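Structure record follows, encoded as structure tokens.
For clarity, every value in this text was computed on a predicted model and none was experimentally measured. Naming: A, B, ... by sequence-line order, numbering from 1 per chain.
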Amino acid sequence: MSSTGNASAPENVTQELRYNPAEIEPRWQATWDAQPDLYAAESPACGKPKYYVLEMLPYPSGQLHMGHVRNYAIGDALARHQWMRGYNVLHPMGWDAFGLPAENAALKNNTPPREWTLSNIAAMRRQMARLGLSYDWQREVTTCLPEYYRWNQWFFLKLYERGLAYRKKSKVNWCPECATVLANEQVVDGCCWRHEETPVQQRDLEQWFLRATRYADELLRDLDKLEGWPEKVRTMQRNWIGRSEGALVDFEVQRKEKFSPADAPVTLRLNERMREEAPGKITVFTTRIDTIYGATSLQLAPEHPMVAQFCAADSVLGREVQVLLEQQKSAREKDAFGTLEKIGIFTGHYAKNPFNDELLPIWVANYVLLDYGTGAVMSVPAHDARDYEFAQKYNLEIKIVILPRRAESAHEGAEPLLPYTEEDSLLINSGPFDAMGCEEAQRAMTAYAAEKGFGKSQVTFRLKDWGISRQRYWGTPIPMLYCEKDGIVPVPEAQLPVLLPEKIDITQQGGSPLSRVPAFVNAICPKCGGAARRETDTMDTFVDSSWYFYRYTDAKNSSAPFDSAAAAYWFGEQGIDQYIGGVEHAILHLIYSRFWTKMMRDLGLIKNDEPAHRLFTQGMVIKNGAKMSKSKGNVVSPDDMIARYGADATRMYALFAAPPDRDLDWQEDGVAGISRFLSRVYRYALSTMPRAASGRGQALPASLTPTEQKLLRKLHQTIRRISNDFEGRWHFNTCIAAIMELVNDLIAAEPEITAGSVRDSVLYAATRNLILLLQPFAPYLSAELWSLLGETTPLLRASWPAFDAALAAEDTIGIPVQVNGKLRAVITVPIGSAEELLRSTALAEEKVQAAIAGKEITKVIVVPGKLVNLVVR
RNA sequence: GCCCGGAUGGCGGAAUAGGCAGACGCAGCGGACUUAAAAUCCGCAGAUCGCAAGGUCGUGGGGGUUCAAGUCCCCCUCCGGGCACCA
């Protein structure tokens, strides 16, 4: 120490010796914030292969939660890795900024929705920056701004032109809490998806629909192409689309006087007037036309038009049907529809089975759905579980028309246990179709029906058209006008956007808030120049999120939603390279996005058939075994974690605590553990830094000391593990564990390093590669160490470490030796030892000898490189 | 009811192609440093019997295949999720 007292301190005395993320992280964040191009995607001309990694855009609630942190930590690790692998990476972020919470906040705090939303966005953008996420903010998309939502309107006009958007009155799901309509997809267990306690009501309203069913077949078929999607999501979508092949068959309704009342199982109530009319026909949809000879009644949905016709002439029936409808309605609202007891009412009418001219009683049944198939079914009690239950209750005839194939039937010729529904069966009692197999009969009977003109084959879907009208303020105005003279008139493209008025009172309840803004409602008809009324409903916010990821490719375009060439570059043939988000969007967002992509392809905007080639659904973040929620009081705030442990430790823990596809239990002690690990890295790196830095530019020694060899071997084994995981299964938890092992080995070797048995060039290789491996998971600490190492290349542009198989190779291996399958010894042999050497070494082992003493060796299994097992008796 | 997941130490989890179960971390215990504590470092750590050497048992339960099973096959239990009268 200098005796002069005021001599200058050594250069690095201000260098903190303790890992202090609270100092390191904000310093680097400031550096990064000052470089707007840092994470910018390059132009297609850069010549690098492209990689589009996308995380689902959040709703700007104002607060990131741990689920977001996990989602973005996964995406960020991937993006950083791909950058280092030499890809031109597109990694954007945006805001799903329309929606009800902004309106509720406006009511509560008297803040305009736009202001509230934009300030939330600013807050969340700050949180994301603090986490060190590598987003290209120049491409930010905010869906509530006219620059974005005008293109929703533009798409709507294109859809309308093509007949893909239409208006109809329909029974809709109404959430009294939201005071708006919900799509089928937004009804969960009979309740609103946002208000899990609020039962959805049924209302009749005029609504705008998008013809998603036009793409039903393709949406289903292309699921097979999505091999990079979780099978679970594909299955959920398949079920949701619900394609089934079957046939339509017409049954003629007969005049009542053809039968004597005595034939009818229930008292006929038909009045005289009905006798004069020819009531027409009822078309049923069935997937089991092969069982049609077993039909013993027809069942109609209570809302079926024919039922109304019957009721018009029969007030008793009318009242009974009304009761049925009421029951159904209340059951549906309580989500008890599926468990409702089957109730039927005989209408007094009959219909003729066109295959055998049998007369079947027509019933109204509460288990028949109007909006699936034709709203009418033929009832085959013997071969359908529901029909069987119904027939038992009402004592209807049960006719068996299929039997198990003899060869496979345990009870030959015996009657099958009813209801018997197996398709691998043979027909009986079915006229000319007897002895056919079910599938053969289905083909033959459908062909016969078509030939005779009373039926045809038919494919039916469960998927419905997408109702997008919402009676809310904070959404995209639907660009339509209603004119007394010209009816429904689209807003001309040149007049877009239809701007959402800014100053509006949304405190009143009921109806669309926009309908109370005269300046908005009153418009001029573009056709006749007369007065017109504007549509006051806004679009479902799922419209916004159906195509936002295309906007990222050309986010500032003011003359089109995006440039086709830009989209073609980033989407390529197969779409987004990796999409990451929560499984809760498996149906809603992901099916709408697929529909929108196909629609845009048909508009000629894009070439790809699917939005995303690979999809990853991360697990939930839970705490104490339950999903984090305010009501449970188990919410962990990312801000708190960052304040206490830093962003690196917080994100790294989110990746370490569980494989990313599984649920993750948040334990704060675990974050502390990660923080301790980062401290160890920091301390190790600092203590060896001067020597590591001086090793730059030196070739590795031609011959390595044992310690050097050991360290380089571990290093390259780690590189291999982590590289493989990024390519494959994304088990970042084991990647991080591997880095911990490497660091443990490096620290354990410190005495030897200090003693000089590790040369600077080797230290340099170890430190440099350690930083590179750490970078996707802990960008702040990596940046700090990278700069301390004296590197000048931006870390993100440095190459991912190259794996060297020769350095990673072990020269000896421990081989377990078992006796009768039980481990008795582990022998150390040169790698690649032949079978004979393994056998003799194993037998020579003392412990093995003891275990086999006095016994006869009956078999010796030697698996080179794996184990030796001696079977003794 | 149907369709997917899942079940491994006190806890989170590892074991990628049937071959040493419990990597890595958390919590715990013992020790070092300290006047003391925190921090840090070193060590122990599935259960059980044993002073020890060592033995026995052990991946939700039961059966099976195999020299060898957390891993494959059959049956069952429990937990989570999705769908649910879709004709």
My understanding is that a pair needs two contacts under 3.5 Å, Watson-Crick or G-U wobble. By that rule, which nucleotide pairs with B:rG12? B:rC24

If the plane angle is over 60° it's perpendicular, under 30° parallel, otherwise tilted; pick one for A:W730 and A:F616. tilted

For the ring pair A:F726 and A:F732, is the centre-to-centre distance below 6.0 Å? yes

OP1, OP2 of B:rA84 versus side-chain N and O of A:R462: anything below 4.0 Å? yes

What is the distance, to the nearest angstrom, from the CG atom on A:L223 to the P atom on B:rC3? 19 Å

Based on the glycosidic angle (syn within 90° of 0, else anti), state the conformation of B:rG9. syn

Quote, to the nearest angstrom, the P distance that separates B:rG25 from B:rC44. 14 Å

Look at atom NZ of A:K393 and say whether more than 12 heavy atoms of other residues, nucleotides or ligands are closer to it than 6.0 Å. yes

Return the nearest nucleotide to the side chain of A:I587; candidates are B:rA23, B:rC83, B:rU56. B:rC83

To the nearest Å, give me how far apart CD (A:Q717) and C1' (B:rA15) are. 16 Å

Nucleotides 62-70 of chain B: protein proximity per nucleotide (B base, S sugar-phosphate only, - neither; heavy atom, under 4.0 Å): -----BS--

Is the charged tip of A:K342 near the ring of A:Y367: under 6.0 Å from the six-membered ring centre and within 45° of its axis? yes

With sequence neighbours left out, the residues meeting salt bridge (charged side-chain N to carboxylate O under 4.0 Å, His left out) with A:R243 are A:D217, A:E245

Roughly how many Å apart are B:rU16 and B:rU71, using the P atom of each and rounding to a whole number? 13 Å

Distance, nearest 0.5 Å, that separates CG of A:D384 from OG1 of A:T287: 8.0 Å

Can you find a side-chain donor-acceptor pair between A:R662 and A:Q618 that sits under 3.5 Å? no

A:R288/A:D387 ion pair, N-O < 4.0 Å: no

B:rA69 - base-pair partner by Watson-Crick or wobble geometry, distances under 3.5 Å: none

Any base atoms under 4.0 Å from A:G814, or only sugar-phosphate, or nothing? Heavy atoms, all strands. base

base_contact_polar (B:rC3 base, A:K232 side chain, donor-acceptor, <3.5 Å): no

Compare side-chain N and O positions of A:Y367 against OP1 and OP2 of B:rA87 and report whether any pair is under 4.0 Å apart. no

Paired with B:rG1 by Watson-Crick or G-U wobble geometry, both distances under 3.5 Å: which nucleotide is it? B:rC83

Choose from B:rU56, B:rA87, B:rC85 the nucleotide whose nearest atom is closest to any side-chain atom of A:S244. B:rA87

Considering only the C1' atoms, how many Å lie between B:rU8 and B:rA47, rounded to the nearest integer? 14 Å

Ring centre gap for A:F656 and A:F777 strictly below 6.0 Å: no

Rounding to an integer number of Å, can you tell me how far A:M620 CE sits from B:rG6 P? 16 Å

So which protein N/O to nucleotides 39-50 of chain B N/O distances come out below 3.5 Å?
from	atom 1	to	atom 2	distance (Å)
B:rC41	OP1	A:R680	NH1	3.2

Taking only N/O atoms, report every protein-nucleotides 11-13 of chain B pair under 3.5 Å with atom names and distance.
from	atom 1	to	atom 2	distance (Å)
B:rC11	O2'	A:Q667	NE2	3.1
B:rG12	O2'	A:A657	O	2.6
B:rG13	O3'	A:N733	ND2	3.3

Whole angstrom value for the distance that separates C1' of B:rA14 from CD1 of A:I739: 16 Å

What is the distance from CD1 of A:I289 to P of B:rA87, rounded to the nearest Å? 15 Å

Does B:rG25 have its OP1 or OP2 closer than 4.0 Å to a side-chain nitrogen or oxygen of A:N744? yes

P gap between B:rG1 and B:rG13, integer Å: 29 Å

Do the charged groups of A:R644 and A:E668 touch, with an N to O distance under 4.0 Å? yes

Using the C1' atom as the point on both nucleotides, what is the distance between B:rG10 and B:rC29, in whole Å? 13 Å

Could you work out which one of B:rC24, B:rC85, B:rG55 sits closest to the side chain of A:R824? B:rG55

Pair partner, B:rC41 [Watson-Crick or wobble, under 3.5 Å]: B:rG31

Could you work out the separation of B:rG60 and B:rG70 based on their P atoms and round it to a whole Å? 10 Å

Across all strands shown, which nucleotide pairs with B:rA7 by Watson-Crick or G-U wobble geometry, both distances under 3.5 Å? B:rU77

Once you apply a heavy-atom cut-off of 4.0 Å, does A:G242 come out as touching a base, just sugar-phosphate, or nothing? nothing

State whether the number of non-hydrogen atoms from other residues, nucleotides or ligands found under 6.0 Å of A:E846 atom CD is greater than 12. no

Measure the distance from CZ on A:R243 to C1' on B:rA87 and round it to the nearest whole Å. 16 Å

Rounded to whole angstrom units, what separation is found between the CD atom of A:E245 and the P atom of B:rA87? 12 Å

Determine which nucleotide pairs with B:rA17, using a 3.5 Å limit on both distances of a Watson-Crick or G-U wobble pair. none

Judged by nearest nucleotide, the residue sitting upstream toward the 5' end of RNA chain B, A:I815 or A:K847, is A:I815

Complementary nucleotide of B:rC57, counting Watson-Crick and G-U pairs under 3.5 Å: B:rG46

In terms of side-chain geometry, is the basic nitrogen of A:R721 or A:E741 positioned less than 4.0 Å from the acidic oxygen of its partner? yes

Any idea which of B:rC24, B:rC20, B:rC26 is nearest the A:D669 side chain? B:rC26

Between B:rC41 and B:rU34, how far is it from one C1' atom to the other, in whole Å? 13 Å

Pairwise P distance for B:rU48 and B:rG9, with rounding to whole Å: 14 Å

Kindly write out the residues that satisfy salt bridge (charged side-chain N to carboxylate O under 4.0 Å, His left out) with A:D665, not counting sequence neighbours, or none if the list is empty. none

Watson-Crick or G-U wobble mate for B:rA36, both contacts under 3.5 Å: none

Tell me, please, which residues at least two apart from A:S425 pass side-chain hydrogen bond (donor to acceptor under 3.5 Å, both in side chains). A:Y420

Does one side chain, of A:T858 or A:E856, offer a donor that lies under 3.5 Å from an acceptor on the other? no

